[in-house]
Amino acid sequence: MTKIVGTLGPKSRSVDTITRCLDAGMSVARFDFSWGDPDYHQETLENLRAAIKGTKKLCAIMLDVVGPELQVVNKTDRPITLEADTLLVLTPDQNKEATSNLLPVNFSGLSKAVKKGDTIFIGKYLFTGSETTSVWLEVSKVDGDDVTCVIKNDATLSGSLYTLHVSQIRIDLPTLTDKDKQVIRTWGVQNKIDFLVLYTRHAEDVRHAREFISKFEDLKQTHIFAKIENVEGLKHFDEILREADGIIVSRGNLGIDLPPEKVFLFQKAAIYKCNMAGKPVVVTRVVDTMTDNLRPTRAEATDVANAVLDGTDAILLGAETLTGLYPVETISTVGKICAEAEKVYNQDLYFKKTVKYVGEPMSHIESIASSAVRAAVKVKASVIICFTSSGRAARLLAKYRPTMPVISVVVPQLKTNQLRWTFTGAFQARQSLIVRGLFPMLADPRHPSESSSATNESILKVALDHGKALGVIKSHDRVVVCQKVGDSSVVKIIELED
């Protein structure tokens, strides 16, 4: 039921590997633009499309733009060895070559943002504190635009790009840089992305991004996910949640901005708030050691299970599938751990909490959704089938975390703006691939969602056949169906025959 987001890259971009990732349980593919050029990512995406065609499995596309991320630029690509207790200068002059005592950074305001005694962290993807590939620095003096630091540990930085992180300091960079806008305008529009991920510090960031993408016809339905990765984002979490379509709890960077002992508490609070708002929440950085190993540590396995018990909708794999040696095994292992945790998830307690939180009087649609889930649990239904055109009804059912899958039958609608006709529905189906327990299928557009009972019967048959093919419906099972008939919303329980 818990979804898996895989980041595609060097170790996971062939048609064969992506096919195996889809079979192993990946339902959203993330394209990380903090490295690689658009042509490279386009090639990967074409391979993903070929794999989708071959497996007949839906997969959503997530574009993760760089945003206000500080980066160290190493044009030589040679590894850089840093020694503890020596001095290192950080300079905004990107024409200088990266060496063991000088690193160029992509931000000219660094010297104004830091002061003596501040801590700076430089690393690559894995902020695990494994000190061979990441380095801690302490600012010793600021000289004009340059910042001189003392190196706190021996490290070797390899590759062309590393992330630089200054603890608890506001970095005055725009949320969407010109480069990000260019990527969205070209790559994003061309590929009709389902999700845009944004490094978010204020609700305003989400509003700006939405204003920007709404200019493009092909991105009007794109969902914006706010990535929370520093203390500033935490402070404004409630407003950000109201504006965003979903939240990504970016624990890698949070683990640097927050003391380690505080991270778990924020994770639990953030997931709870997203659950109550009925918005999808994604947790990152769960099985870092699987980047190089076939098995996670016991602590990591427990961590994945706890995220599921906390109520996360999806687990996002970054370096594990991007540069890791075992992308397919990682997806499969995380999926198995999630499935075990779901078996002991206390749905009854969660349901009561959610109903209490929503309060009374409930809205019409909320009351229908909660009643349908309650009925499905009471009659031990094997699935809930929901007919929807916007996807909202299905997401509300998922909000109450039923113990059985929700098959969301998205019925496309034909719309026109006088210039051309468009079908809506494909976006809504793919966007539910990040919501826990939702399994979308696209209905035949010739069957409208609100119509005579005869056409509904025929779509229902298609949905039941789909459930049987997935192996979640058997003969003599009970099924709960939610649909609109005319102006009324109907919840019915049907018992299947042979």
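Everything numeric in this text was worked out from a predicted model, so none of it was measured. Both backbone and side-chain heavy atoms feed into the values below; hydrogens, waters and symmetry mates do not.
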* To do: Determine, for F439 and K3, whether the Lys NZ or Arg CZ falls below 6.0 Å from the six-membered ring centre while staying within 45 degrees of the axis.
  => yes

* Please collect all salt bridge (charged side-chain N to carboxylate O under 4.0 Å, His left out) contacts where either partner lies in residues 40-54, sequence neighbours excluded, each pair once. => R13-E43, E46-R49

* Structure fact -> Result for salt bridge (Lys or Arg N to Asp or Glu O under 4.0 Å) between D310 and one of R401, R436, K268 points to K268

* Asked: Does the side chain of Q428 come under 3.5 Å of the side chain of T388 through a donor N or O and an acceptor N or O?
  -> no

* Does the side chain of S34 come under 3.5 Å of the side chain of D32 through a donor N or O and an acceptor N or O? -> yes

* salt_bridge(R78, E97) N-O dist < 4.0 Å -> yes

* Hey, would you say the W136 and H165 ring centroids sit under 6.0 Å apart? -> no

* F266 and F237 aromatic ring geometry - parallel, tilted or perpendicular at 30°/60° bounds -> perpendicular

* List for me each residue that meets ring-ring contact (aromatic ring centres under 6.0 Å, His included) alongside F212, sequence neighbours excluded, and say none if there are none. => F216

* To do: Give me the ring orientation class for Y357 and Y272: parallel if the planes are under 30° apart, tilted from 30 to 60°, perpendicular past 60°.
  => perpendicular

* Asked: Taking only residues two or more places apart in sequence, or in another chain, which ones meet S390 in a side chain to side chain donor-acceptor pair (under 3.5 Å)?
  -> none

* Asked: Just how far is it from atom CG of D288 to atom CD of E300, taken to the nearest 0.5 Å?
  -> 6.0 Å

